[in-house]
Number of protein chains: 2
Amino acid sequence: MTDRIAKLVGMTAMAPSRTSPDLSYLLDHASHVLRTRMAAALAEIGLTSRMHCVLVHALEAERTQIQLAEIGDMDKTTMVVTVDALEKAGLAERRPSSTDRRARIIAVTEEGARVARQSQEIVDRVHEEALGTLATSNREVFLRVMNQLVTGHLAKPVEAPGPVRRARQHER
Amino acid sequence: MTDRIAKLVGMTAMAPSRTSPDLSYLLDHASHVLRTRMAAALAEIGLTSRMHCVLVHALEAERTQIQLAEIGDMDKTTMVVTVDALEKAGLAERRPSSTDRRARIIAVTEEGARVARQSQEIVDRVHEEALGTLATSNREVFLRVMNQLVTGHLAKPVEAPGPVRRARQHER
DNA sequence: TATTGTTATACTCTATAACTATA
DNA sequence: TATAGTTATAGAGTATAACAATA
């Protein structure tokens, strides 16, 4: 017996509240299910969401790993792993920056550009499949409200008190 | 430098798509930020979302750990940890079921009932703070659409091919 | 044989720390 | 001194397996 919901996003259903709709559940559940749909659709061409994200933004301009990490809300160490995967798949390459010898430009290969076009189609299709179930006027209001929330009250996460972290044990 | 967004939910910003709004980003971001707000608010009375969830549903009826796990979309092993925390905080107790000697009923203490009322108020307040920023008519449409998605196209996660798992190494 | 709850642990994910090369 | 990228690893979170007691 698998409990994939709890596994993938740590989702916890809130109690159904009597006074206020359970916005936490609605957003968590919708977000989680859409994520599984997206992951499954992109997996068919061998991509993760992160790989797609990096590919598309690396295509738009000459960008370093750090720049791409900021765009995709990833840590630089996560970016290393993602770029490793893209290189191994032959979709992108690390090239030395001409202006900063520390930095690497992520260059998308021809194959990578082809795949990026495909993956963008997949992303759009998955989104449209969901939005397509809505009446046109409802869809417009819904998207306006989501944008309003994401740029307003739900723009910035509140800081959690970070966990303590011991120094790493390294060999002499 | 912390990257809490990526850390907590593994969120990856999709590429801004030209043909379709980035529903993944909107839902992920809104869900994530609301989750941090809820976690911070509940932490003030020493609860996690899971503890709140179990507390409220255990109050409603005599329920076993398994039943509560199903309601909250948790694994039974996660439930053990959650009930441990509630017991340690003096908010709930394990009692033997009178009809099944394998099962434990989760009984909420008086203190637990008090805390559950508080936590439900907190949950409602956090939800209302978000929904309160919306115009009344927009709010109604938004909630109807979210419900439509969660009961319709985004009702069930698609199955991911589960990872392989070796047998556990146990001492003889 | 199947199920409840438990313990132990394997696995994934992701950030922190330390480090190298360069600015 | 600070930053880009890398490696190694710590830590959180959460599921799987095995097990004991009971059905």
Side-chain angles (χ1 to χ4, degrees), chain A residues 1-12 32 35 39 48-50 54 62-70 72-85 87 93-106 159-172, chain B residues 1-12 32 35 39 48-50 54 63-70 72-85 87 93-106 160-172:
Chain A
M1 195 255 300
T2 41
D3 184 5
R4 233 157 261 302
I5 293 178
K7 176 175 192 175
L8 291 178
V9 296
M11 188 190 91
T12 301
H32 168 64
R35 184 193 301 256
T48 61
S49 296
R50 266 192 242 280
V54 169
E62 297 231 323
R63 290 188 166 126
T64 64
Q65 287 188 205
I66 289 267
Q67 289 171 329
L68 290 167
E70 268 161 27
D73 260 317
M74 296 175 227
D75 191 86
K76 61 182 180 172
T77 59
T78 306
M79 180 57 62
V80 170
V81 177
T82 306
V83 175
D84 284 350
E87 274 202 324
E93 290 168 6
R94 290 172 165 98
R95 296 208 185 134
S97 162
S98 50
T99 59
D100 182 341
R101 279 191 293 176
R102 293 170 305 180
R104 322 283 202 95
I105 300 293
I106 303 308
E159 285 302 320
V164 199
R165 187 67 172 270
R166 272 177 294 168
R168 133 188 177 207
Q169 304 302 323
H170 57 292
E171 69 287 350
R172 300 264 124 208
Chain B
M1 196 255 297
T2 40
D3 185 6
R4 231 156 262 303
I5 294 178
K7 176 174 191 176
L8 292 179
V9 296
M11 188 189 91
T12 301
H32 168 64
R35 185 194 301 257
T48 61
S49 296
R50 267 191 243 279
V54 169
R63 289 187 167 126
T64 65
Q65 288 188 204
I66 288 268
Q67 289 171 328
L68 290 167
E70 268 161 26
D73 260 316
M74 296 175 225
D75 191 85
K76 61 181 180 173
T77 59
T78 306
M79 180 57 62
V80 170
V81 177
T82 306
V83 174
D84 284 350
E87 275 202 323
E93 291 168 5
R94 290 173 165 96
R95 296 209 187 134
S97 163
S98 50
T99 59
D100 183 341
R101 278 191 294 175
R102 293 170 305 179
R104 320 283 203 96
I105 300 293
I106 302 309
V164 199
R165 186 67 171 271
R166 272 177 292 168
R168 134 188 176 205
Q169 304 301 323
H170 57 295
E171 68 288 350
R172 299 264 124 206

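Residue numbering restarts at 1 for every chain, and letters A, B, ... go by the order of the sequence lines.
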Item to check | A/Q67 side chain near D/dA4 phosphate (N/O to OP1/OP2, under 4.0 Å) | outcome: no
Item to check | Spacing between B/L68 atom CG and C/dT4 atom P, to the nearest angstrom | outcome: 13 Å
Checklist entry - Rounded to the Å, how far apart are B/I106 CD1 and C/dT6 C1'? => result 13 Å
Checklist entry - In terms of side-chain heavy atoms of B/T77, which of D/dT6, D/dA15, C/dG5 is nearest? => result D/dA15
Next on the checklist: Taking side-chain hydrogen bond (donor to acceptor under 3.5 Å, both in side chains) as the definition, give me every residue that meets it alongside B/T99, ordered by chain and number, with sequence neighbours left out.
Outcome noted: B/S97
Checklist outcome for this item: Here the distance between atom P of D/dT22 and atom CD of B/Q65, to the nearest Å, is 16 Å
Item to check | Heavy-atom side-chain proximity of B/T64 to B/I105 below 4.5 angstrom | outcome: yes
Checklist entry - So which one's nearest nucleotide on DNA chain D is more toward 5', A/R102 or A/M79? => result A/R102
Next on the checklist: I need the CD1-P distance between A/I66 and C/dA15, as an integer number of Å.
Outcome noted: 13 Å
Next on the checklist: Could you tell me how far apart A/H32 (NE2) and D/dG13 (P) are, to the nearest whole angstrom?
Outcome noted: 18 Å
Next on the checklist: Nearest whole Å is fine: how far is D/dT14 P from B/D73 CG?
Outcome noted: 12 Å
Next on the checklist: Starting the side chain at C-beta, find the nucleotide from C/dA23, D/dT7, C/dT4 nearest to B/A103.
Outcome noted: C/dT4
Next on the checklist: Assess whether a salt bridge exists between A/D84 and A/R94, defined as any Lys/Arg side-chain N lying under 4.0 Å from an Asp/Glu carboxylate O.
Outcome noted: yes
Checklist entry - Does OP1 or OP2 of D/dT6 have a side-chain N or O of A/R94 closer than 4.0 Å? => result yes
Item to check | Minimum-distance nucleotide (side-chain atoms of B/D100 versus C/dT6, D/dT22, C/dT16) | outcome: D/dT22
Next on the checklist: Could you tell me how far apart B/D75 (CG) and C/dC11 (C1') are, to the nearest whole angstrom?
Outcome noted: 14 Å
Item to check | Distance test, side-chain N/O of A/R101 to OP1/OP2 of D/dA4, below 4.0 Å | outcome: no
Item to check | Residue A/T78, side-chain heavy atoms: nucleotide from C/dA15, C/dT6, D/dT16 that is nearest | outcome: C/dA15
Checklist entry - Counting any heavy atom closer than 4.0 Å, what does A/T64 reach on the DNA or RNA strands: base, sugar-phosphate only, or nothing? => result sugar-phosphate
Next on the checklist: Taking the minimum atom-to-atom distance to the side chain of B/K76, which one of D/dT14, C/dG5, D/dG5 wins?
Outcome noted: C/dG5
Checklist entry - Should A/E70 and A/I66 count as side-chain neighbours, where that means a heavy-atom distance under 4.5 Å? => result yes
Checklist entry - What pairs with B/R104 under side-chain hydrogen bond (donor to acceptor under 3.5 Å, both in side chains), at least two apart in sequence or on another chain? => result none
Checklist entry - Atom CD of B/E70 to atom C1' of C/dT3: distance rounded to whole Å? => result 12 Å
Checklist entry - Given D/dT14, is OP1 or OP2 found less than 4.0 Å from the side-chain N or O atoms of B/R50? => result yes
